[in-house]
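Note sheet for the following structure.
This one's a predicted model, so the numbers in the text were calculated from it and none came from an experiment. We're numbering straight along the sequence, starting at 1.
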Amino acid sequence: MGALSRPEEVVALVKLRVAAGQIKRQIPPEEHWGFAYSMLQKVSRSFALVIQQLGPELRNAVCIFYLVLRALDTVEDDTSIPTEVKVPILQDFYRHIYNRDWHYSCGTNNYKVLMDKFHHVSTAFLELGEGYQKAIEEITRRMGAGMAKFICKEVETVDDYEEYCHYVAGLVGYGLSRLFYAAGTEDLAPDSLSNSMGLFLQKTNIIRDYLEDINEIPKSRMFWPREIWSKYADKLEDFKYVENSEKAVQCLNDLVTNALIHAEDCLQYMSALKDHAIFCFCAIPQIMAIGTCALCYNNVNVFRGVVKMRRGLTARVIDETNSMSDVYTAFYEFSLLLESKIDDNDPNAALTRKRVDSIKQTCRSSGLLKSRGYHLDKSPYKHILPC
């Protein structure tokens with residue numbers, strides 16, 4: 001009944017299914033490329049759809065870049081691997097991508113398949129142009145070293161949090177900017193803006209995934225910085241319990257407010273993009289991030305289960321994101337939604353309002369907000385708010 005009450009989402013979902021069918025028909029015939037694109041769909045359906053915005057050469061490079069980093073992340077995330085085994089693998093991973101015979105069995109489900117058959121990814125990597133290979137190698141080396149550092153180190157301070165997110169996501173921003181530059185379609189973006197593109201996505205995911213991460217077996221790995229959460233609880237796992245809901249939500253709001261500081265850098269990065277396909281590829285995840293921040297903010301359900309945007313709304317974002325006007329309008333609307341949820345009694349209410357106001361002002365100053373205007377009571381994104 002929910003989807004039927006939002007016919008605009010039904011249309012977008014139909015388009016999304018058609019696009020998914022087209023992806024299957026575009027999978028190259030070679031076994032290693034077939035594996036790469038089919039695996040991409042299995043480990044990230046949304047990314048597999050967004051990547052189709054790109055031209056064939058750049059699409060291949062970004063596909064392999066994503067799978068290499070997903071494999072690296074699988075090693076990092078597998079808490080059953082002893083530290084003395086894990087650290088050298090992370091540090092040497094950038095060398096393994098040149099070895100068609102290398103694989104390491106770890107992870108679960110589709111991630112285990114990716115690791116067991118990693119030789120297909122290496123084979124595809126070795127067919128990329130040298131510029132793409134060097135960019136992927138550099139980022140894999142730096143990311144592996146950073147991940148290894150944090151295997152032996154907790155995220156204690158906000159500076160640690162920034163550094164960890166830089167290693168696992170800011171460097172992805174660096175790498176994508178280098179791939180776009182290697183393709184000859186974009187100028188090389190400033191590292192500071194590329195870093196913010198990654199950090200905004202990563203911090204949003206870390207916030208959203210609290211419950212999944214805290215309950216991980218055999219042991220949890222958490223990235224909420226102690227400097228922030230210790231203001232609200234003695235132990236991070238205390239937020240799981242109903243009696244601590246008020247403090248849990250205050251901590252959550254603190255972290256969302258921290259993430260919002262990257263939004264304006266992201267808008268600046270996207271506004272400089274020249275290639276339409278690359279623009280859409282970059283813009284869709286960023287709109288999903290600001291939308292997820294709005295959904296998670298002041299939402300105790302982050303500590304009870306999975307909180308994410310509906311599939312129908314995700315389909316609309318993918319279908320309707322075609323210009324900076326669309327991006328500014330979406331950021332403005334989601335900022336309004338987040339603003340409507342601010343509780344004046346929240347310890348960070350004033351700072352949250354300041355950051356939301358700054359995002360809204362940037363969007364208004366662009367002069368590109370949709371002329372029809374989205375109002376809170378009529379917003380196409382209003383349905384993401386909890387009932």
Do the side-chain N and O atoms of [X] and [Y] include a donor-acceptor pair separated by under 3.5 angstrom?
X: H32; Y: E127; answer: yes
X: S196; Y: D265; answer: yes
X: S177; Y: E186; answer: no
X: D78; Y: S80; answer: yes
X: H262; Y: K203; answer: yes

Are any of the side-chain nitrogens in [X] or [Y] under 4.0 Å away from the carboxylate oxygens of its partner?
X: D344; Y: R353; value: yes
X: R226; Y: D160; value: no
X: E130; Y: K134; value: no
X: K370; Y: D326; value: yes
X: K240; Y: E237; value: no

Is the distance between the ring centroids of [X] and [Y] under 6.0 Å?
X: F118; Y: F93; answer: yes
X: W224; Y: Y232; answer: no
X: Y98; Y: F125; answer: yes

- Query: So F331 and F200, would you call those rings parallel, tilted or perpendicular, with 30° and 60° as cut-offs?
  - Reply: tilted
- Query: Using 30° and 60° as the class limits, which term best fits the ring planes of Y104 and W102: parallel, tilted or perpendicular?
  - Reply: parallel
- Between I284 and the options D319, T314, V317, the side chain to side chain contact (heavy atoms under 4.5 Å, CB included) test singles out V317
- Trace of the side-chain hydrogen bond (donor to acceptor under 3.5 Å, both in side chains) decision for D101 with H119: CA-CA 6 Å; D101 298 322; H119 62 280; over 6 Å; no
- F150 and ring pair (Phe, Tyr, Trp, His ring centres under 6.0 Å): which partner among Y164, F223, Y161? Y164
- Item | M197 reachable from L188 in the ILVMFWY side-chain graph, under 4.5 Å edges | no
